[in-house]
Asks: 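The following block contains the structure, expressed as structure tokens.
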Amino acid sequence: MSTVNLIRDPRTNRGTAEATESRVNNKLYGLIPTVVESLEQQVTRCLEQVRSKSTDLERYIYLSNLRNSNVTLFYRLLMDNFEELVPIVYTPTVGEACVKFSHIYNPANCDGLYISIKDKGNVAKVLDNWPYEAPDITVITDGSRILGLGDLGINGMGIPIGKLSLYIGAAGINPIRTLPITLDLGTNTQKHLEDPLYIGLRQNRPEDPEFFEFLDEVMDALSAKWPNLIIQHEDFSGVHAFALLERQRNKYSMFNDDVQGTGAVILSGLINAFRESGVPLKDHRILFLGAGSAGVGVASQIRDHFVKAGNMSIDEARDHFWLVDTKGLVTFDRGDQLAQHKTIFARKDNNGQQFKDLESTLEYVKPTCLIGLSTQGGVFTPKIIGRMAELNKKPIIFPLSNPLKNSECTYEAAMQNSECRVLFASGTMFPPYTDPASQKVYYPGQGNNMYVFPGIGLGAILAQASVISDDMIYTSSVALANTLTEEEKSAGLLYPRLARIREVSTMIAAEVMKEAVKEGVAKNKEVVDLVNANDEAKLISYIQSKQYNPAY
Ligand SMILES: NC(=O)C1=CN([C@@H]2O[C@H](COP(=O)(O)OP(=O)(O)OC[C@H]3O[C@@H](n4cnc5c(N)ncnc54)[C@H](OP(=O)(O)O)[C@@H]3O)[C@@H](O)[C@H]2O)C=CC1
Ligand SMILES: CC(=O)C(=O)O
Ligand SMILES: [Mg+2]
């Protein structure tokens with residue numbers, strides 16, 4: 001085979017950093033400009049090129065192509081400029097990239113696996129085509145609920161790629177051992193079916209029995225081929241997300257990021273917000289707009305915290321939650337057939353009263369905390385925010401829907417309508433707010449599962465966890481809350497600064513590993529011994545020794 005593949009393969013390509021001797025020995029001499037550059041020089045040039053683009057989508061396309069031509073350079077660039085580039089490779093820009101994925105798709109790139117429903121019965125053979133090392137982790141979607149953008153079909157592939165970029169950048173998982181997968185089951189979105197450039201199957205999604213059979217085959221094939229693989233489900237439609245979790249969580253090493261990762265990250269921010277609010281746990285009243293996979297996932301995680309940290313029974317804990325969906329407050333007697341996951345928090349103490357919208361429910365509940373996971377941009381109106389500020393000294397308002405245009409309110413609106421008293425986190429980062437009266441600058445929190453899933457995945461990989469238990473997820477949440485430094489607390493932050501994400505993910509991974517060992521689900525004997533030795537510093541250095549650092 002020609003050695004030119006050394007520069008064609010993104011995993012080995014060093015481009016202008018290839019040493020002269022190696023150029024001569026590998027017949028690359030003359031194929032690269034004369035200069036021999038360092039990785040840092042290459043990063044400087046690429047950063048200049050990224051910044052010179054006029055739109056974020058162009059930046060996304062540029063970075064995608066860079067990742068597909070030189071993995072080391074892409075990850076060095078990302079890690080050295082994490083805060084600047086995360087909004088490009090992840091939310092909000094990844095949302096726009098998914099919507100337009102078929103149009104911006106570079107047919108020369110080979111970014112992951114596409115497994116179609118037409119491969120039913122032959123999924124194992126498709127997996128055999130994956131040409132690289134055994135992956136440690138896969139992020140898998142069927143594109144049916146991408147962020148708050150609906151059913152995008154195969155265009156959802158931007159999400160597994162984006163999430164895995166964060167696994168690599170934030171937690172230090174080796175890029176060669178990651179696998180993005182999109183299951184192409186068709187789409188029910190007519191616009192994509194009619195789009196001449198759409199790159200997926202032009203058919204509607206199958207009925208549930210076929211869907212579940214296919215998903216079982218995919219999961220069986222993945223774990224048969226790669227027994228230690230950690231599997232993250234992402235952006236499946238709400239009902240399927242819960243059903244798959246229920247069906248598969250005790251059989252495979254898997255978790256659902258939207259249900260469990262989001263639950264963990266929001267609980268973590270709330271642990272800090274509850275402390276800042278000065279209101280004791282037992283007096284919190286939490287109102288959700290959105291009762292889907294994320295809403296119910298987050299409510300369940302907070303409920304479990306009330307049980308563990310607030311000494312409540314599960315029924316007492318559940319009484320602290322009210323969920324609103326498109327039909328209003330979720331109650332048992334409102335007259336519709338509730339999806340299984342909604343029954344967990346459906347109210348029965350409403351004395352026959354029904355509340356059709358957020359405003360009337362807010363008056364009924366008088367919450368201390370308002371959480372948006374509804375996909376509906378702007379529904380936390382100035383009036384709603386103002387009312388939260390009348391009811392609470394420090395109202396907690398988390399508009400968590402993604403991408404930015406779906407956020408239930410902006411940081412600016414939350415600050416302006418609460419006399420800057422709001423405790424705030426959003427799913428996609430907003431800019432800081434300067435109070436015109438005092439000129440004081442305030443910083444918003446970002447309540448996004450990207451703070452926890454890299455650490456959960458890393459911990460599960462290193463422990464070789466056979467399953468990912470509820471307490472491994474819970475522990476990631478408490479660990480994240482505990483990473484806040486005194487400086488961050490005094491700056492009013494609810495989440496650590498993004499610049500510390502590697503350190504934070506390492507600390508989360510350590511706690512996840514300890515929990516896996518405690519529960520007897522860690523298959524890695526070395527990790528079991530290490531955890532049992534009870535030496536925190538050694539455990540942290542072990543994790544660090546396994547982390548990927550992009551260098552030639
Ligand atoms: N910040 C983060 O880390 C995360 C954010 N998210 C975001 O959360 C959002 C929801 O995700 P997910 O729960 O998985 O989606 P689902 O589709 O499962 O749920 C959406 C929920 O919102 C409700 N809803 C929709 N429109 C309205 C409306 N006008 N009024 C009241 N309720 C409404 C739906 O009601 P009904 O059930 O009646 O249809 C449903 O209960 C997305 O935007 C996603 O990006 C998700 C995961 C992580
Ligand atoms: C962040 C995320 O997972 C979502 O919005 O779906
Ligand atoms: Mg998601």
Side-chain angles (χ1 to χ4, degrees), residues 86 90-92 94-95 98 139-152 156 158-160 162-163 166 232-243 245 255-269 287-301 322-330 334 336-343 345-346 355-362 371-381 384 398-408 425-429 445-454 477 480 495:
V86 162
Y90 190 52
T91 178
V94 74
C98 285
V139 175
I140 181 165
T141 189
D142 71 345
S144 54
R145 191 290 275 146
I146 293 296
L147 306 175
L149 301 166
D151 177 356
L152 302 188
I159 289 294
K163 293 263 174 186
L166 297 196
Q232 172 170 322
H233 280 197
E234 191 69 48
D235 290 5
F236 281 85
S237 65
V239 173
H240 284 167
F242 284 108
L245 195 55
F255 71 106
N256 181 294
D257 184 40
D258 299 293
V259 178
Q260 297 168 289
T262 315
V265 85
I266 301 313
L267 170 59
S268 169
L287 176 57
F288 281 76
L289 186 70
S293 55
V296 172
V298 171
S300 304
Q301 196 69 67
W322 290 261
L323 271 56
V324 172
D325 65 10
T326 50
K327 298 189 181 69
L329 177 64
V330 181
R334 71 178 186 182
D336 61 329
Q337 176 71 44
L338 294 180
Q340 178 63 27
H341 62 274
K342 292 188 188 177
T343 61
F345 293 100
F355 301 88
K356 292 286 171 211
D357 56 26
L358 178 62
E359 225 170 286
S360 57
T361 315
L362 191 126
I371 294 185
L373 285 158
S374 68
T375 74
Q376 302 298 307
V379 286
F380 293 173
T381 57
I384 299 257
F398 281 17
L400 297 169
S401 290
N402 294 317
L404 204 70
K405 73 178 177 70
N406 289 25
S407 186
E408 285 79 2
S426 55
T428 304
M429 192 60 138
Q446 186 175 12
N448 191 297
N449 46 34
M450 71 177 191
Y451 270 110
V452 286
F453 68 73
S477 177
L480 173 60
Y495 291 98

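One-based numbering along the sequence shown. Just so you know, ligand 1 is whichever comes first in the structure, and atom 1 is the first atom listed for that ligand.
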Asks: Taking only residues two or more places apart in sequence, or in another chain, which ones meet Ser360 in a side chain to side chain donor-acceptor pair (under 3.5 Å)?
Replies: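 Partners of Ser360 by the side chain to side chain donor-acceptor pair (under 3.5 Å) criterion, ordered by chain and then number, come out as Asp357.
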
Asks: So which protein N/O/S atoms does the Mg ion (ligand 3) have within less than 2.8 Å?
Replies: Glu234 OE2, Asp235 OD1, Asp258 OD1

Asks: How close do Gly148 and Pro403 get, heavy atom to heavy atom, and via which atoms?
Replies: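 Heavy atoms of Gly148 and Pro403 come nearest at N-CD, 4.2 Å.
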
Asks: Val379 and Ser374: which non-hydrogen atoms are nearest, and at how many Å?
Replies: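 Closest pair (atom of Val379, atom of Ser374, distance): CG2-OG, 4.2 Å.
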
Asks: Give the residue, atom name and distance (to 0.1 Å) of the protein heavy atom nearest atom 38 (O) of ligand 1.
Replies: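 For this ligand atom, the closest protein heavy atom is Thr326 OG1, 2.5 Å.
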
Asks: Ile266 and Val298: which non-hydrogen atoms are nearest, and at how many Å?
Replies: CG2-CG1, 3.6 Å

Asks: List of N/O pairs, ligand 2 versus protein, all under 3.5 Å?
Replies:
{"unit_1": "ligand 2", "atom_1": "3 (O)", "unit_2": "Lys163", "atom_2": "NZ", "d": "2.9"}
{"unit_1": "ligand 2", "atom_1": "3 (O)", "unit_2": "Glu234", "atom_2": "OE2", "d": "3.0"}
{"unit_1": "ligand 2", "atom_1": "3 (O)", "unit_2": "Asp258", "atom_2": "OD1", "d": "3.1"}
{"unit_1": "ligand 2", "atom_1": "3 (O)", "unit_2": "Asn449", "atom_2": "ND2", "d": "3.0"}
{"unit_1": "ligand 2", "atom_1": "5 (O)", "unit_2": "Asn402", "atom_2": "ND2", "d": "2.8"}
{"unit_1": "ligand 2", "atom_1": "6 (O)", "unit_2": "Arg145", "atom_2": "NH1", "d": "3.1"}
{"unit_1": "ligand 2", "atom_1": "6 (O)", "unit_2": "Asp235", "atom_2": "OD1", "d": "3.0"}
{"unit_1": "ligand 2", "atom_1": "6 (O)", "unit_2": "Asp258", "atom_2": "OD1", "d": "3.0"}

Asks: Quick one: look up the protein heavy atom nearest atom 16 (P) of ligand 1 and list residue, atom name and how far away it is.
Replies: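 The answer is Gly292 CA, 4.0 Å.
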
Asks: Given Gln446, Arg145, Gln376, Lys327, identify the one with the heavy atom nearest to atom 26 (N) of ligand 1.
Replies: Gln376

Asks: Heavy-atom pairs closer than 4.0 Å: do any link ligand 1 to the side chain of Thr262, the backbone, both, or neither?
Replies: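 It is the side chain that touches ligand 1; the backbone stays farther off.
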
Asks: If you count the atoms of ligand 1 from 1 in the order shown, which ones are under 4.0 Å from a heavy atom of Gly148?
Replies: 42 (C), 43 (O), 45 (O)

Asks: Looking at atom 24 (N) of ligand 1, what's its closest protein heavy atom, distance included?
Replies: Ser374 O, 3.6 Å

Asks: Evaluate the side-chain proximity of Asp258 to Arg145: yes if any heavy-atom separation is below 4.5 Å, no if none is.
Replies: yes

Asks: Any side-chain heavy atom of Tyr495 sitting closer than 4.5 Å to one from Leu480?
Replies: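 They are in side-chain contact.
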
Asks: With side-chain hydrogen bond (donor to acceptor under 3.5 Å, both in side chains) as the criterion, how do Ser401 and Glu408 come out once you've worked through the C-alpha distance, each side chain's angles and the decisive distance to 0.1 Å?
Replies: CA-CA 7 Å; Ser401 290; Glu408 285 79 2; 2.6 Å; yes

Asks: Give me the residue, atom name and distance of the protein heavy atom closest to atom 32 (N) of ligand 1.
Replies: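 Scanning the protein heavy atoms, the shortest distance from atom 32 (N) of ligand 1 goes to Asp325 C, 3.3 Å.
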
Asks: Given Lys342 and Asp336, is the salt bridge (Lys or Arg N to Asp or Glu O under 4.0 Å) satisfied, shown in steps?
Replies: CA-CA 11 Å; Lys342 292 188 188 177; Asp336 61 329; 6.0 Å; no

Asks: Just wondering, do Asn448 and Val265 contact through their side chains at under 4.5 Å, heavy atoms?
Replies: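 SC-SC contact between Val265 and Asn448 ruled out.
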
Asks: Check each atom of ligand 1 against the heavy atoms of Gly427 and keep those under 4.0 Å away; list them by number with element.
Replies: 1 (N)

Asks: Give the residue, atom name and distance (to 0.1 Å) of the protein heavy atom nearest atom 37 (O) of ligand 1.
Replies: Lys342 NZ, 2.6 Å

Asks: Tell me the protein heavy atom at minimum distance from atom 41 (O) of ligand 1, and give that distance in Å.
Replies: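 Nearest protein contact, heavy atoms only, for atom 41 (O) of ligand 1 is Ala291 N, 2.8 Å.
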
Asks: If you look at every heavy atom in Gly158 and Cys98, which pair is closest and at what distance?
Replies: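 Minimum heavy-atom contact is CA-SG, 3.7 Å.
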
Asks: Closest heavy-atom contact between Val452 and Gly261?
Replies: CG2-O, 3.3 Å

Asks: Look at atom 18 (O) of ligand 1 and say which protein heavy atom is nearest, naming residue and atom and giving the distance to 0.1 Å.
Replies: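 Looking only at protein heavy atoms, the one closest to atom 18 (O) of ligand 1 is Ser293 N, 3.1 Å.
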
Asks: For atom 9 (C) of ligand 1, state which one of Gly447, Ser401, Pro403 supplies the nearest heavy atom.
Replies: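 Looking at heavy atoms only, Ser401 sits closest to atom 9 (C) of ligand 1.
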
Asks: Would you mind listing which atoms of ligand 1 come within a distance below 4.0 Å of any non-hydrogen atom of Leu147?
Replies: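 Those qualifying, in numeric order: 42 (C), 43 (O), 44 (C), 45 (O).
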
Asks: Taking all atoms of both residues into account, what is the closest heavy-atom pair of Lys356 and Lys327, and its distance?
Replies: CD-O, 4.1 Å

Asks: For ligand 1, is Val265 a contact, meaning one of its heavy atoms is under 4.0 Å away?
Replies: no

Asks: Is there a side-chain contact between Asp235 and Leu147 in this structure, where contact means two heavy atoms from C-beta onward sitting under 4.5 Å apart?
Replies: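 With C-beta onward as the side chain, the pair touches.
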
Asks: Using a strict 4.0 Å cut-off to heavy atoms of Gly238, name the atoms of ligand 1 that fall inside it.
Replies: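 Result: 18 (O).
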
Asks: Quick one, Leu323 and Asp325 - any side-chain contact, counting heavy atoms below 4.5 Å?
Replies: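 No, their side chains stay 4.5 Å or more apart.
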
Asks: Using only atom types and a distance under 3.5 Å, with no angle test, would you say the side chain of Tyr451 pairs donor to acceptor with the backbone of Gln446?
Replies: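 Checked: no pair found.
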
Asks: Tell me every residue that passes side chain to side chain donor-acceptor pair (under 3.5 Å) with Asn406, counting only those two or more places apart in sequence or in another chain.
Replies: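 Per chain and number, Asn406 pairs via side chain to side chain donor-acceptor pair (under 3.5 Å) with no residue.
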
Asks: Distance to 0.1 Å, residue and atom name: give those for the protein heavy atom nearest to atom 23 (C) of ligand 1.
Replies: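 Ranked first by proximity to atom 23 (C) of ligand 1 is Gly290 CA, 3.9 Å.
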
Asks: Could an N or O of ligand 1 be found under 3.5 Å from any N or O of Ala294, whether backbone or side chain?
Replies: yes

Asks: Less than 4.5 Å apart, side chain to side chain, heavy atoms only: is that true for Gln260 and Leu245?
Replies: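 They are in contact (side-chain heavy atoms under 4.5 Å apart), so the answer is yes.
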
Asks: Please state which part of Val379 comes within less than 4.0 Å of ligand 1, counting heavy atoms only: side chain, backbone, both or neither.
Replies: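 The answer is neither.
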
Asks: Taking the side chain as C-beta and beyond, is there a heavy-atom pair between Val259 and Phe242 under 4.5 Å?
Replies: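 Touching, per the 4.5 Å side-chain cut-off.
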
Asks: Could you tell me whether some N/O pair between Asn402 and ligand 1 is separated by less than 3.5 angstrom?
Replies: yes

Asks: May I ask you to test the Phe380-Leu289 pair for a side-chain heavy-atom distance under 4.5 Å?
Replies: yes

Asks: Applying a strict 4.0 Å limit to heavy atoms, is Asp258 in contact with ligand 1?
Replies: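 So Asp258 counts as touching ligand 1.
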
